[in-house]
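Here the structure comes first, spelled out in structure tokens, and everything after it is commentary.
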Amino acid sequence: MNPIENACRHSLFLARHLDNGKLKPEILNPMLEKALSETDFENFADWAAIQAEENEEELARQLRLLRRYVVAQIIVRDINRISDLAEVTRTITLLADFAINTALRFAHAYYQDMYGTPIGRHSGEPQFLSVVAMGKAGGYELNVSSDIDLIFIYPESGDTDGRRERSNQEFFTKVGQKLITLLNDITADGQVFRVDMRLRPDGDSGALVLSETALEQYLIQQGREWERYAWCKGRVVTPYPNSIAALVRPFVFRKYLDFNAYEGMRRLHRQIRSEVNRKGMADNIKLGAGGIREVEFIAQIFQLIRGGQIHALQLKGTQETLRVLDMLEILDHDTVETLLTAYRFLRDVEHRLQYWDDQQTQTLPEQPEQQQLLAESMGFADYQAFSDGLNRHRDQVNAVFNEILSEPEEQNASQSNGWQCIWQENTDEEARFNRLAEHGFNASLISRQLNQLQQSSKYRHLSAQAQLCFDAVIPLLAQAAATQPNPTVTLQRLLGFLESISRRSSYLAFLYEHPQALDIFAGIMGQSSWVSEYLVRHPALLDELLSAQLMETGNDWPTLTAELSDGLKRTAGDTEAQMDVLRHFQHAHIFRLAVQDLAGLWTVEALSDELSALADTILTAAVPAVWADTPKTHTDTPNIAIIGYGKLGGKELGYTSDLDLVYIYDDPNPAAPEIYASFARRLTSWLSAATNAGQLYEVDLRLRPNGDSGFLTHSFAAFEKYQRENAWTWEHQSLTRARFICGSPAIGAAFDKLRSEILTRNRNQTALAHEITEMREKMFATHPPEDSDVKYARGGVVDVEFIVQYLILAHAHQYPQLLDNYGNIALLSIAADVGLIDKQLAEQSRAAYRFYRQQQHNTKLRDAEKVEETEEVLAYYDNVRKLWHQVFGEEVRFEAV
């Protein structure tokens, strides 16, 4: 059986039109050889001549003939499995785009001849109508028998410039009406597309066309939740200049994570389900349980929640969105494959239902003959086997849908397991007290805090939906806190967090929608007051609790740098948005590292390496973005190097460490000093300024030549001269921990060469030792050397650092391996290996330094108290003091001489 004959068995529409001669084989057969494109549509008729003759009847006829042949081509290729779903939907969508633009050109020219050209009141420029395709047309997902959902938008108000003047609103209304007539009217040749305008603002009661200003005002003032879902697929299909995407994007894709979208999507789905049940549409493969709409909703819910922050999700098509959700690990791979396979199956079935008689239907057939043909066209022996396969797909889709969008009230009620008694409208105080006491809480303290919370103005002024979330979450938080080592402190922090975000309903919705994340949440809050406070400042990080990457420790920093740079490029021109991109990136990675750290996945040294790499990544991505934001630049690439000193230079950053930076440029341009000073001020501001997204780092520039009294940036020549002729010993001590971070590689190499030269000078070791010990003793006035402070105690952190710095300055000319910026622990080992210090003392001091850093780290992250003066601590101090004595030839002093 040839392909056309086979297709005719499954399509009355195709057979009828071949039989009555309305489809000519000499035209159809060549079209079957390949997928169709816009070029094929353009070559179908002499559209230019039709346009020139203003022959509306012929235009309508040719568009209908074209549609008939394109649908026939699709049916033959699809039924015979020559094409796939992507070809089918793209072909019919490209036809819709072509038909819309062809009809629009005709309609615009028709009324332009009559009324003149519409002119913008403010711009004075000619105006054109933009057509937005919504729904499946917007996502290149049209069915062969679909409606096309359209919205008409023109740029600005004004009037036409002809003798019969009309307002732009009236002109484009007439254009839109004629476009609809050309496509929608049923003639002897049929119809091109049914046109549905009900998705426009205010629906059937609204104006047929709107200006961009009117659209913006509507979305801001009246835009409803379901319209966000509709506009998610909105695609401008006409070629004329417009600002529609920029107007719609903030309405659809919220700036912050929007977990309220769950309930909005549920409401829409409940309405559809109600309609399906009322009309007995269980056999509708689009709207019934496990149908096409549920797959679309699964993709869209993640777009609406996260699309504002993850630009990769701002897509139109269902399949491409699901693939990105897989790539981003928001949905697991197996789930995505299940959904994609089901979606393709369901869409294939949908097309075969519509091929039968070119009707817009998604309902399974009742006639046995048609049922058998449908089964065969889908590759099954009989209808029962087909039904079994279809039901498997629908069941799988429905299971995923219910997991993601199930009603949380039922889930939360079952999970709270009797804890509701602590938070009810008329709470039984005795039952609450007993419940809390039984599970290790300070019942009096928690009861008092719960009562205060219940009476607070924040709680009483919550919306009904937010209060529902709030009420459901508190018993779950108490249950999660009860499993922690310190339940009272954990619950206090959880309740404090809940109160702090109570007016930000999206975060309440997150806790309500994701009770499975609460155990992790409670564990983190119970262990660390610092992380608790960090989450209060950055509640958007709650979303990280759902990330598959939360416990992944293998950071690919070059790839992450590229991703961050892409994010900055996407927001180019919006300084605040770019600053927020940096902040969101840093906050997410700081939080992940902290959670992993609390789980014991990092040593202090490895964690510092990661935090330093994070800072390097942010600086590397920020430099070109800030340069592009700097006015009056003279080159695409800045000739500047960013040098890290201190903890950044030594790769010993902590969670809250400052960045010690020095900016060095090498540029002969006469305006270079002013340009690079402006750049440095901007970069420092980008890093340290507080925005709505918070802060990145405190930046300390005091280690530049001449400190606070010096220039913000220095030419390399000036920096070199200062280091050679004017730098103090303490500045060369700082240079031991300096490294090139990013910027010009040539300047970075020159800096490394200069650093090596300075640090390998042959110095008077006696004079050097005296200067360094004197410098150490000057610190006593501001930082007394007390044994309770591991940083400034004699034998503590600072003493280890001074010992290493002396060894480098005194001996690097003989042992250049000391120049490698590996950190103090590694450098002590190198010094011992070359015989500069006793190996046993070196190892003991390495252990001491590692212990000190762990103590400092625990004080910040794990709520550890100040170090106790135990025998262990005193022994560490004593070992470092012995090393001090060996290196400097004198006992440590506790008072300045």
Between Phe302 and Leu331, is a side chain to side chain contact (heavy atoms under 4.5 Å, CB included) present by the stated rule, with each step listed? CA-CA 9 Å; Phe302 293 107; Leu331 286 176; 3.9 Å; yes
Can you find a pair of side-chain heavy atoms, one from [X] and one from [Y], that are under 4.5 Å apart?
| X | Y | result |
| --- | --- | --- |
| Val397 | Ile292 | no |
| Leu390 | Leu346 | yes |
| Glu544 | Arg592 | yes |
| Glu563 | Leu560 | yes |
| Leu353 | Leu374 | yes |
| Leu219 | Trp231 | yes |
| Val132 | Asp149 | no |
| Val131 | Val236 | no |

Between [atom1] of [X] and [atom2] of [Y], what distance do you get to the nearest 0.5 Å?
| X | Y | atom1 | atom2 | result |
| --- | --- | --- | --- | --- |
| Gln319 | Leu339 | CD | CG | 11.0 Å |
| Gln371 | Gln367 | CD | CD | 8.0 Å |
| Met551 | Ile520 | CE | CD1 | 6.5 Å |
| Arg194 | Ser145 | CZ | OG | 6.5 Å |
| Leu199 | Lys233 | CG | NZ | 12.5 Å |
| Leu373 | Met378 | CG | CE | 14.0 Å |

With side chain to side chain contact (heavy atoms under 4.5 Å, CB included) as the criterion, how do Leu129 and Thr238 come out once you've worked through the C-alpha distance, each side chain's angles and the decisive distance to 0.1 Å? CA-CA 8 Å; Leu129 188 68; Thr238 45; over 6 Å; no
Can any side-chain N or O of [X] pair as donor or acceptor with the backbone N or O of [Y] at less than 3.5 Å?
| X | Y | value |
| --- | --- | --- |
| Asn80 | Val76 | yes |
| Arg64 | Ile186 | no |
| Asp357 | Leu12 | no |
| Gln303 | Leu315 | yes |
| Arg228 | Arg224 | no |
| Ser146 | Leu142 | no |
| Gln372 | Ala381 | yes |
| Thr571 | Leu568 | yes |
| Asn242 | Ile244 | yes |
| His351 | Arg347 | yes |

Evaluate the side chain to side chain contact (heavy atoms under 4.5 Å, CB included) criterion for residues His10 and Arg352: first the C-alpha distance (whole Å), next the side-chain angles of each, then the deciding distance (0.1 Å), finally the verdict. CA-CA 8 Å; His10 301 279; Arg352 279 148 181 74; over 6 Å; no
Shortest non-hydrogen contact from Tyr229 to Gln300?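 Minimum heavy-atom contact is O-NE2, 2.8 Å.
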Near [X] [atom1], under 6.0 Å, is it more than 12 heavy atoms from other residues, nucleotides or ligands?
| X | atom1 | value |
| --- | --- | --- |
| Lys34 | NZ | yes |
| Gln222 | CD | yes |
| Gln221 | CD | yes |

Side chains of residues 207-215: which donor-acceptor partners sit under 3.5 Å, not counting sequence neighbours?
{"from": "Ser211", "atom 1": "OG", "to": "Ala214", "atom 2": "N", "distance (Å)": "3.1"}
{"from": "Glu212", "atom 1": "OE2", "to": "Ser243", "atom 2": "N", "distance (Å)": "3.0"}

Mutual orientation of the aromatic rings belonging to Phe44 and Tyr69 [parallel < 30°, tilted 30-60°, perpendicular > 60°]: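 If you compare the ring of Phe44 with that of Tyr69, the planes turn out tilted.
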Does the plane of the ring in Phe345 sit parallel, tilted or perpendicular to the ring in His393? Use 30° and 60° as the thresholds.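 Phe345 and His393: tilted rings.
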Inter- and intrachain pairs under ring pair (Phe, Tyr, Trp, His ring centres under 6.0 Å), touching residues 195-225, at least two apart: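 Applying ring pair (Phe, Tyr, Trp, His ring centres under 6.0 Å) to every pair that reaches into residues 195-225, excluding sequence neighbours, yields nothing.
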Can you name the side chain to side chain contact (heavy atoms under 4.5 Å, CB included) partners of [X], sequence neighbours left out?
| X | result |
| --- | --- |
| Leu94 | Phe41, Arg90, Tyr140 |
| Gln362 | Asn143, Asn284, Ile285, Lys286, Glu350, Gln354 |
| Ser83 | Arg77, Asp78, Glu87, Val88 |

Not counting sequence neighbours, which residues clear salt bridge (Lys or Arg N to Asp or Glu O under 4.0 Å) with [X]? List them please.
| X | value |
| --- | --- |
| Asp97 | Arg235 |
| Arg394 | none |
| Asp574 | none |
| Arg9 | Glu376 |

Not counting sequence neighbours, which residues clear ring-ring contact (aromatic ring centres under 6.0 Å, His included) with Tyr343? List them please.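 Checked Tyr343 against ring-ring contact (aromatic ring centres under 6.0 Å, His included); zero matches.
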Sequence neighbours left out, what pairs pass side chain to side chain donor-acceptor pair (under 3.5 Å) with at least one residue falling in residues 378-389?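 Applying side chain to side chain donor-acceptor pair (under 3.5 Å) to every pair that reaches into residues 378-389, excluding sequence neighbours, yields Gln384-Asp388.
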For residues 195-204, which residue pairs pass the side chain to side chain donor-acceptor pair (under 3.5 Å) check, not counting sequence neighbours?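 Residue pairs passing side chain to side chain donor-acceptor pair (under 3.5 Å), neighbours aside: Asp196-Arg198.
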Any side-chain donor near an acceptor of the partner, Asp283 and Thr363, under 3.5 Å: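 Thr363 and Asp283 do not have a side-chain donor-acceptor pair below 3.5 Å.
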Please determine, by modelled atom types, if Glu141 and Thr93 share a side-chain donor-acceptor pair under 3.5 angstrom.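 No, Thr93 and Glu141 have no side-chain donor paired with an acceptor closer than 3.5 Å.
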Among Gln191, Arg68, Arg67, find the one that has a side-chain hydrogen bond (donor to acceptor under 3.5 Å, both in side chains) with Asp358.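 It is Arg67, the one option of Gln191, Arg68, Arg67 that forms the side-chain hydrogen bond (donor to acceptor under 3.5 Å, both in side chains) with Asp358.
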I'd like to know if [X] and [Y] make a salt bridge, using a cut-off of under 4.0 Å between side-chain N and carboxylate O.
| X | Y | value |
| --- | --- | --- |
| Glu320 | Arg323 | no |
| Arg306 | Asp543 | yes |
| Asp348 | Arg81 | yes |

Starting from the C-alpha separation in whole Å, work towards a yes-or-no answer on side chain to side chain contact (heavy atoms under 4.5 Å, CB included) for Leu322 and Leu325. CA-CA 5 Å; Leu322 288 170; Leu325 291 171; 4.2 Å; yes
